[in-house]
Colleague: 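Take this structure, written in structure tokens, and hold onto it; I'll ask about it next.
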Amino acid sequence: MIKAVTGTRDILPTDIPKWKYLESIIKSVFTLYNYKEIRTPVFEETSLFARGIGEATDIVSKEMYTFLDRSGESLTLRPEMTAGVVRAFIEHSLDKKQNLSKLYYVSPMFRQERPQAGRLRQFHQFGAEAIGSYDPLLDAEMIIMAYEIFKALGLKNLLVKINSLGVPASREDYKKKLAEYLQPYFDKLSNESKKRFETNILRIFDSKEAEDQKIMKDAPLLIDHLDDESLSHFAKVKQVLTSAQIPFEIDAMLVRGLDYYTNTTFEIVSGSVGSQSALCGGGRYNGLVKELGGDDVPGVGFAAGMERILLACENEKSFSLNDETVDLYLVVIEKELGNYAYQTAVELRRKGLIVDMDYLGRSVKAQMREANKLNTGFVLFIGGEEYAKGELVLKNMKDGNQKSFPKDDLEKIFSSIKEN
Ligand code: HAM
């Protein structure tokens, strides 16, 4: 038997209502903040991600689904959206149309990671990017929007972590200091961290190895070596979050796994989902547009993992939805009236009712069982003595009341159902 590929998942009809609910909250919050939806292709030229996210990152060096197409071009299934959104921003000169582009997305992403709870190879992100302004209000806005979405879902066990990585110049000075500090411990570092010492020394803060963590506990922190402008930018972000009543914590070790960040970085983690606890992550990327061939335009954004969020909602039982139901089920008493029943269903659907009926030639008893299973509001009986008199019987399944209607007056049947 052929099964779904490891790390990919079917979203079955029974799961769809919670996905739709999540999507409706995402859309309404982004709309309130006047972000507009953008959809970009699922695959892009590989070099877009290599240049955008950084060659040395885990995503680019280990996790991308990269393939050569039939013309020999190297393409990659997108592991994240920011690079693609920035590519579209440059390609369509969005900055010529509007000084500030406020964009949002809800889309599948692909990373070849080791699957576990909350970590998949095809997963879904929603996120936002604001391209065109240095204003720290927008850094705070990303955190506020994510937080509002999580709150609207009823999530409680949340922690907002923020940090600042400063500008590349002050970071380069700091990296030298960090290297000086680490030099004497180099032999004790894990192999992965030894590699990162050369390629991206900041990422040693992300190591999960106990020995590495012990060494990093006393390492100098970037936040203590920021230039004045970065410090005042960060101060404004904190001030806005405080006035918006978003509780946050400063995590000076939060470096994030993508190379494009400058200044603010943040994550919101949940205490309800186990080790893969980051529900969202993001930050400012003032050099990315230029890096990808555009003008020197700043940006800031975030993305959130939808499977993880739904897992947190499930574990916290943060919301419940009403069962899906149908308005009307047609019970066909005489088989030869099947066509007539079907035509009636079509007409009532055209009026806007959710209607279902039997397609399996079942007995009246089995049709009633099905109607109950579907939790239908009403049953319309087609056939029997009433039908012979030119009438159809409508049964209200909530109170058991029955009413007869002239067979050709579907408008009356429709209004009677709609009134309830
Ligand atoms: P990221 O931290 O790589 O950032 O991913 C954002 C979120 O996507 C994570 O916090 C997590 O919830 C979810 N996620 C990531 N990988 C997986 C996976 N394998 N399975 C399930 N969920 C996952 C970015 O992607 C940046 N583009 C965020 C950003 C936007 N920064 C600025 N603008």
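Indexing begins at 1, ligand by ligand and atom by atom, following the structure's order.
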Colleague: Considering non-hydrogen atoms of the protein only, which is the closest contact for atom 27 (N) of ligand 1, and what is the distance?
Modeller: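 Sorting protein heavy atoms by distance from atom 27 (N) of ligand 1 puts Glu80 OE1, 2.5 Å first.
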Colleague: Out of His124, Met109, Arg119, Gln125, whose heavy atom is nearest to atom 5 (O) of ligand 1?
Modeller: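 Comparing heavy atoms across His124, Met109, Arg119, Gln125, the nearest one to atom 5 (O) of ligand 1 lies in Gln125.
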Colleague: Tell me: protein heavy atom nearest atom 21 (C) of ligand 1, and distance?
Modeller: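 Of every protein heavy atom, Gly118 O, 3.3 Å lies nearest to atom 21 (C) of ligand 1.
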Colleague: How far is atom 33 (N) of ligand 1 from the closest protein heavy atom, and which atom is that?
Modeller: Glu129 OE1, 2.8 Å
Colleague: Check Phe302 against ligand 1 and report side chain, backbone, both or neither, counting heavy atoms closer than 4.0 Å.
Modeller: backbone
Colleague: Near Glu113, which atoms of ligand 1 are under 4.0 Å from a heavy atom of that residue?
Modeller: 16 (N), 17 (C), 18 (C), 19 (N)
Colleague: Give me the residue, atom name and distance of the protein heavy atom closest to atom 26 (C) of ligand 1.
Modeller: Tyr260 OH, 3.3 Å
Colleague: Is it the side chain, the backbone, both or neither of Arg308 that has a heavy atom closer than 4.0 Å to ligand 1?
Modeller: side chain
Colleague: Would a distance-only check, ignoring hydrogens and angles, find a side-chain to backbone donor-acceptor pair under 3.5 Å from Arg308 to Gly118?
Modeller: yes
Colleague: Using the ring centroid of each side chain, check whether Phe126 and Tyr104 are separated by less than 6.0 Å.
Modeller: no
Colleague: Assess whether a salt bridge exists between Glu37 and Lys27, defined as any Lys/Arg side-chain N lying under 4.0 Å from an Asp/Glu carboxylate O.
Modeller: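 No salt bridge links Glu37 with Lys27.
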Colleague: Please identify which atoms of ligand 1 are closer than 4.0 Å to at least one heavy atom of Gly281.
Modeller: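 What qualifies from ligand 1 is 10 (O), 28 (C), 29 (C).
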Colleague: Indicate, as side chain, backbone, both or neither, the part of Leu279 found under 4.0 angstrom from ligand 1 when only non-hydrogen atoms are considered.
Modeller: backbone
Colleague: Taking heavy atoms and a distance under 4.0 Å, where does Arg256 meet ligand 1: side chain, backbone, both or neither?
Modeller: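 The answer is the side chain of Arg256.
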Colleague: Please report the closest heavy-atom contact between Arg256 and Tyr261, naming both atoms and the distance.
Modeller: NH2-OH, 2.9 Å
Colleague: Ignoring angles and geometry beyond distance, decide whether Arg111 reaches within less than 3.5 Å of ligand 1 through its nitrogen or oxygen atoms.
Modeller: yes
Colleague: Is the shortest side-chain N to carboxylate O distance from Glu44 to Arg87 below 4.0 Å?
Modeller: yes
Colleague: Minimum distance, heavy atoms only, to atom 6 (C) of ligand 1: which one of Pro115, Ala303, Cys280 is it?
Modeller: Ala303
Colleague: Note the single closest protein heavy atom to atom 10 (O) of ligand 1, along with its residue, its atom name and the distance in Å.
Modeller: Ala278 O, 3.2 Å
Colleague: Please tell me whether Ser207 and Glu209 have a donor and an acceptor in their side chains that are separated by less than 3.5 angstrom.
Modeller: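 The answer is no; no qualifying pair exists.
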Colleague: For ligand 1 and Thr82, I'd like to know whether there is a polar contact (N/O to N/O, distance under 3.5 Å).
Modeller: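 Yes, there is a polar N/O contact under 3.5 Å.
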Colleague: For atom 14 (N) of ligand 1, what is the closest protein heavy atom, and at what distance to 0.1 Å?
Modeller: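 Looking at atom 14 (N) of ligand 1, the protein heavy atom closest to it is Phe123 CE1, 3.5 Å.
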Colleague: Considering only non-hydrogen protein atoms, determine which one is nearest to atom 13 (C) of ligand 1 and report residue, atom name and distance to 0.1 Å.
Modeller: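 Going by distance alone, atom 13 (C) of ligand 1 is nearest to Gly305 CA, 3.5 Å.
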Colleague: Touching ligand 1 at all, Gly127? Heavy atoms, strictly under 4.0 Å?
Modeller: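 No.
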Colleague: Got a donor-acceptor contact below 3.5 angstrom from the Thr46 side chain to the Ser74 backbone?
Modeller: yes
Colleague: Only heavy atoms of Gly282, strictly under 4.0 Å: list the atoms of ligand 1 that pass.
Modeller: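 Selected atoms, number and element: 31 (N).
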Colleague: Could you walk me through whether Asn263 and Asp139 pass the side chain to side chain donor-acceptor pair (under 3.5 Å) test, one step at a time?
Modeller: CA-CA 9 Å; Asn263 294 102; Asp139 306 39; over 6 Å; no
Colleague: Looking at non-hydrogen atoms alone, which of Phe266, Tyr285, Phe110, Tyr261 comes nearest to atom 29 (C) of ligand 1?
Modeller: Tyr261
Colleague: In the protein, what heavy atom is nearest to atom 20 (N) of ligand 1, and what distance, to one decimal place, separates them?
Modeller: Leu120 N, 2.9 Å
Colleague: Donor-acceptor pair, distance only, cut-off 3.5 Å: does the side chain of Thr57 make one with the backbone of Gly54?
Modeller: yes
Colleague: Should the heavy atoms of other residues, nucleotides or ligands under 6.0 Å from OH of Tyr185 be counted, would the total exceed 12?
Modeller: no
Colleague: Within a 6.0 Å radius of atom CG on Asp399, are there more than 12 heavy atoms belonging to other residues, nucleotides or ligands?
Modeller: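 More than 12 within 6.0 Å, yes.
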Colleague: Assess, by modelled atom type and distance only, whether the side chains of Glu129 and Tyr105 contain a donor and an acceptor separated by less than 3.5 Å.
Modeller: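 On atom types as modelled, these side chains qualify, holding a pair under 3.5 Å.
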Colleague: Using a cut-off of 6.0 Å, state whether more than 12 heavy atoms not belonging to Asn420 lie near its atom CG.
Modeller: yes
